[in-house]
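The sequence lines fix the lettering, A, B, ..., with proteins before strands; numbering per chain opens at 1. Predicted, not measured: the structure shown is a model, and the values here were computed from it.
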Amino acid sequence: MIVESPAKAKKIAGYLGEDYIVMASVGHIRDLASKASDLPEGERKHSWSKLAVNVDDGYRPYYIVHPSKAQTIRDLKAALKDAKELLLATDEDREGEAISWHLLEVLKPKVPVHRMVFNEITPEAIREAVANPRELDMQLVDAQETRRIVDRLYGYPVSEVLWKKIGRDAKSAGRVQSVAVRLVVDRERERIAFSSAGYWDIDAVFSPEDFKARLTSLDGTRVAIGKDFDQNGALKSQDKVTLLDEARASALAAGLKSASFTVRSVEQKPSQRKPSAPFTTSTMQQEASNRLRWGGQRTMRIAQSLYENGYITYMRTDSVSLSSQALNAARVQVTELYGPEYVEATPRTFPNKSKNAQEAHEAIRPAGDAFRTPDELRRELNADEFALYDLVWKRTVASQMVNARVATTTAKIIGTATDGSLAEFTASGTVVVFPGFYAALKDVPEEGSENEHELPALTEGQVIDARGLNAIGHTTSPPARFTEAKLVQRLEELGIGRPSTYASIMTTILDRGYVWKKGSALVPSFIAFAVVRLL
DNA sequence: CAGTGAGCGAGCTTCCGCTTGACTT
């Protein structure tokens, strides 16, 4: 049996016993020749030679076995000599199907060949796959080959156009990298074109319990805030809003100093928060970026180590689905750690956000049919591994827990200034009524929950005091630059790139000098503007 | 006889996606 990953091969070998030899192709075994000199003698002088695609004869590709793969091929051939049967068990996606086809072409097996697939590595799933082989799907193989040829046919010549038209500082172009560069450049253009606007409001602190409120309305008209402005710094809608300048805001704050304030309304609204879907490669990179400040490369290196040592499932995946084994493990763990009332009644499933998803693997989760808690592994893992495992564990377990229930209280407080203006302040507070999946996250609160705070008990008509009234100036900000994680998220939404390439796309555009990093922000170089304009 | 310069040809760069391990900083 041939699979793609050595770690996977080792695991499956343990399940199948001595009748099977399980080996790995270690990814692709052949690729288009990368330069004309790698072609056979006599084929090096055609106009298409350096493309390694014969565009004059049906776009016939010239494949070569990369020298670093020669030993793998020799090992596979040697093992095949004594085999009764060859089972091609590469991943169930476009690239995996192609790897199987290339294996057939190179190994030329004399024994019966079967193609089989499995989405989870359990003894039952493997046995079922062995019992239900299928044929190679040549449509999928053709799709991969076409993808490969078109990327070459555009990537090489368009890169060469850049060399000629812009100079050798323009290094490369391609279906994926050029879109990434363009997103960064477009964003920078928006920032350059942006005009910021200034506006003022008043922050108030009221007693009891010194809670904070903000001026939201003046004489019945809403006070302008950041989102009322467009990118030119002009007020957006025709909606009636009052725009406060510094003088007006300061005068108003002074005029309210001795005012008496009344609670005009108190409204409480219950709401629920849902846990996020289990990790894909892209969301894991985003979370590690947010929580741990790690780049994609580092996250993937740590994940690889966790995977090879059997702590997590495969780390290059576009699926948010958990196997039945994983669902069960998560639910058992939630019951044990938090109690049955924390387990969602039926297993939660999540829609896949990426329309190009091929779902050859399940979501990234703790390995095994019983999860080990981060605390149980604290001694076995180094600091980085522990930090990433902790994120994976929390995300997986939380995904099978019940919603958090929260209550948001909004209070409106009014007062009249010495000049007769009626000022309305708004305060809001949120309390967690039932933590649900928050219980698993603990120190890692979900988005938006960091600032949750409670309001004191207030009743309508209650008269309260202002402890402080401060006019505060604000300016609108341009759209933020992309971070690595945000760019990966956007590329995935657009269906560009694959889990195995997200981290390397970033190094490509950095290495080519198209972008540089300012802290974690991606800033385009001058040459990037030129390249995007030409393309 | 040594050095210079023109002209010519060969070879390199470049794409995306799948794996790990051997390197260097």
>> Return whichever of A/K171 or A/I505 has its heavy-atom-nearest nucleotide of DNA chain B closer to the 5' end.
In response: A/K171
> Taking for each residue the nucleotide of DNA chain B with the nearest heavy atom, is it A/R30 or A/R316 whose nucleotide lies nearer the 5' end?
Replying inline: A/R30
>> At less than 3.5 Å, do the side-chain atoms of A/R147 and the base atoms of B/dC16 form a donor-acceptor pair?
In response: yes
> Going by modelled atom types, is there a donor-acceptor pair between the base of B/dC18 and the side chain of A/R498 at under 3.5 Å?
Replying inline: no
> When you check the gap from the basic side-chain N to the acidic O, do A/E135 and A/R115 get nearer than 4.0 Å?
Replying inline: no
> Is a salt bridge present between A/E97 and A/R94, judged by a nitrogen-to-oxygen distance below 4.0 Å?
Replying inline: no
> Is it true that the NZ or CZ of A/R512 lies under 6.0 Å from the centre of A/Y514's six-membered ring and within 45 degrees of the ring axis?
Replying inline: no
>> At less than 3.5 Å, do the side-chain atoms of A/R152 and the base atoms of B/dT14 form a donor-acceptor pair?
In response: no
> When all nucleic acid strands are considered with a 4.0 Å heavy-atom cut-off, which category describes A/S34: base, sugar-phosphate, or nothing?
Replying inline: base
> Expressed in angstrom and rounded to an integer, what is the separation of A/L76 atom CG from B/dT20 atom P?
Replying inline: 15 Å
> Could you state the CG-P distance from A/L51 to B/dC12, rounded to the nearest angstrom?
Replying inline: 16 Å
>> Just the rounded figure in Å: distance from P of B/dT19 to CE of A/M315.
In response: 7 Å
> Please, which pairs that meet side chain to side chain donor-acceptor pair (under 3.5 Å) have at least one residue in residues 160-169 of chain A, sequence neighbours excluded?
Replying inline: A/K50-A/E160
>> Just the rounded figure in Å: distance from P of B/dC16 to CG of A/D93.
In response: 18 Å
> Would you say the side chain of A/E4 and the base of B/dT19 hold a donor-acceptor pair, judged only by whether the two atoms sit under 3.5 Å apart?
Replying inline: no
